[in-house]
Number of protein chains: 2
Amino acid sequence: MVAKGGKQTLSDDVRARLRADILSGRLLPGYRLKFPELGTRYDASVSVLREALVRLAEQGLVRSEPHQGFVVTPLSREQLWELTEARVELETLVLRRSVVEGDLAWESRLVAAHHTLERTPYTAEGDDQRVDDDWATAHAAFHEALLAGCTNQRLLRMALGLRDEAELYRRWSQPLGDEPGRDLTGEHRALLEAALTRDPDAAAAALCAHVRHTTELLLAAADRLDHDHSEAQE
Amino acid sequence: MVAKGGKQTLSDDVRARLRADILSGRLLPGYRLKFPELGTRYDASVSVLREALVRLAEQGLVRSEPHQGFVVTPLSREQLWELTEARVELETLVLRRSVVEGDLAWESRLVAAHHTLERTPYTAEGDDQRVDDDWATAHAAFHEALLAGCTNQRLLRMALGLRDEAELYRRWSQPLGDEPGRDLTGEHRALLEAALTRDPDAAAAALCAHVRHTTELLLAAADRLDHDHSEAQE
DNA sequence: GCACCTCAAACTTTCGAAAGTTCATTGACT
DNA sequence: AGTCAATGAACTTTCGAAAGTTTGAGGTGC
């Protein structure tokens, strides 16, 4: 075996690496994924790449058009809005169940994830513009821990899948400069608090606000960017 | 091109045929899908089959274990229960939105689908035990029309995906003999009525009852089957 | 008789090349 | 000049065979 990650099949390994590259922004939305190029990048043959891409396509991270290959899912305001709406509905639903059904192990894991998140700096040293990779990981872990109490694996998986897609947009927005004076820490504390006191309504409300807020700031940043562009063109 | 269906790529075609064969019960749950056999059945090479199977696996219709190939998703009481729970949550959510957001075209399509369903016989002539294929199609079309008013394509797609999976169980239950004295027609009329009067609460309640009822009867039938088995063994 | 090892058959996974498609560019014709 | 068909380069899709893995059958030692 060529072996690199500890995965079972090469295809799984390549899919994981592709997914990581897309979610971390190393492969940008709209980027055309050509087999010859990917072949050298991941040191794999067409079949393996194809399988990996097909799976990512099914999850919405890449798009495919017959005979025109694969593209990292392009972003658009409409899609972001639709995704946000879907997340608000599904994630609040799953969070409600999680808060009601979660056991002690869930609580403990949640507290741990929150602690890690609070102690991880938002921006890396020396670069105030770009969000730190470790923070992004801790943030994702906290939200996953929040939902993980839901015993229905199907609902949970779907909710996490939507979060993954949303991560695409978050990464894209980072170079735009970040939210002025947003109390992210406070929002996360509110979520933790509501979860630990087992208050589904409060938790759902806090999550809904958190998700919507993020999207609104993101759209505002995108608008600013568009303005700058059109001004630069004139 | 070898051409058979009117699809764009062979893989799409094979995937559609595989999906149809699984959902219609021609390929039974738990059945091991071997490439050599599938190759002759669908007249396609390994790559094509693999791609089709990977996609179906991502949608939950087949399962794959590394180096052990693919299997039509096996059924279990736990899985059926989890799936039903997920459907109740998601489908009612989507139905509520559909009932509120649906336009005139949606209404018309819904009325048409209901009409077709009412005029299609439940069992084929000469065979009272097995549900008619046309009825199954009309039934699926009615439920899809019910949800189709939801403008959020993501939520809609997820709900329909879960319905697909549930179809597996429905088919499996058919040989067990069907629901005694169930008023299916009445349940469907109630759904239509609530949808047309734009009453989200009534619609959600009717759908919830419809879905749960189906699963309960199914589990009861499965229990009967188990009893027969254990008695036969003694 | 029972556990364990070996080995071959039957698969699955991966590869690299052949076949088929799209897209842009060139050249001919109006 | 402008339109449109022909050509070819760069892909995507599909194939069939090579490489690697699992599984169970048959044989050996205790």
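A note on names: the letters A, B, ... follow the listed sequences, proteins ahead of strands, and every chain is numbered from 1.
B:Glu51 places its CD atom 15 Å from the P atom of C:dT14, with the value rounded to the nearest Å. The nearest whole Å value for the distance from the CG atom in B:Leu38 to the C1' atom in D:dT14 is 17 Å. For the pair B:Leu49 CG and C:dC11 P, the computed distance is 14 Å after rounding to whole Å. Atom C1' of nucleotide D:dT21 and atom CD of B:Glu65 are separated by 14 Å, given to the nearest angstrom. Atom CG in A:Leu10 sits roughly 18 Å away from atom P in C:dT12 (whole-Å rounding). In this structure, CZ of B:Arg15 is placed 17 Å from C1' of D:dT14, rounded to the nearest angstrom. Rounded to an integer number of Å, the gap from B:Tyr42 OH to D:dC15 P is 16 Å. Atom CG of B:Asp43 and atom P of D:dT14 are 13 Å apart (whole Å).
By the side-chain contact (heavy atoms from CB on, under 4.5 Å) test, A:Leu28 is found to be paired with no residue, residues two or more places apart in sequence or in another chain being considered. For B:Ala86, the side-chain contact (heavy atoms from CB on, under 4.5 Å) partners two or more places apart in sequence, or in a different chain, are A:Asn152, A:Arg154, A:Leu155, B:Leu162. Residues satisfying the salt bridge (Lys or Arg N to Asp or Glu O under 4.0 Å) test with B:Arg97, not counting sequence neighbours, are A:Glu85, A:Glu89, B:Glu101. Under the side-chain contact (heavy atoms from CB on, under 4.5 Å) criterion, B:Asp21 pairs with B:Arg26, B:Leu27, B:Arg41, B:Tyr42, not counting sequence neighbours. By the salt bridge (Lys or Arg N to Asp or Glu O under 4.0 Å) test, B:Arg19 pairs with B:Asp164, sequence neighbours left out.
Across all strands, B:Gln68 comes closer than 4.0 Å only to sugar-phosphate atoms, never to a base (heavy-atom distances).
The residues B:Glu58 and B:Arg55 are annotated as not salt-bridged, no charged nitrogen and carboxylate oxygen being separated by less than 4.0 angstrom.
In this structure, B:Thr120 contributes its side chain and B:Thr116 its backbone to a donor-acceptor pair below 3.5 Å.
The side chain of A:His67 approaches C:dT22 more closely than any other nucleotide in the set C:dC15, C:dT22, D:dT14. Distances from the side chain of A:Val46 to the nucleotides D:dT14, C:dC15, D:dT22 place D:dT14 closest.
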Protein N or O to nucleotides 6-11 of chain D N or O, pairs below 3.5 Å:
residue: D:dC11; atom: O3'; partner: A:Arg32; partner atom: NH2; Å: 3.4

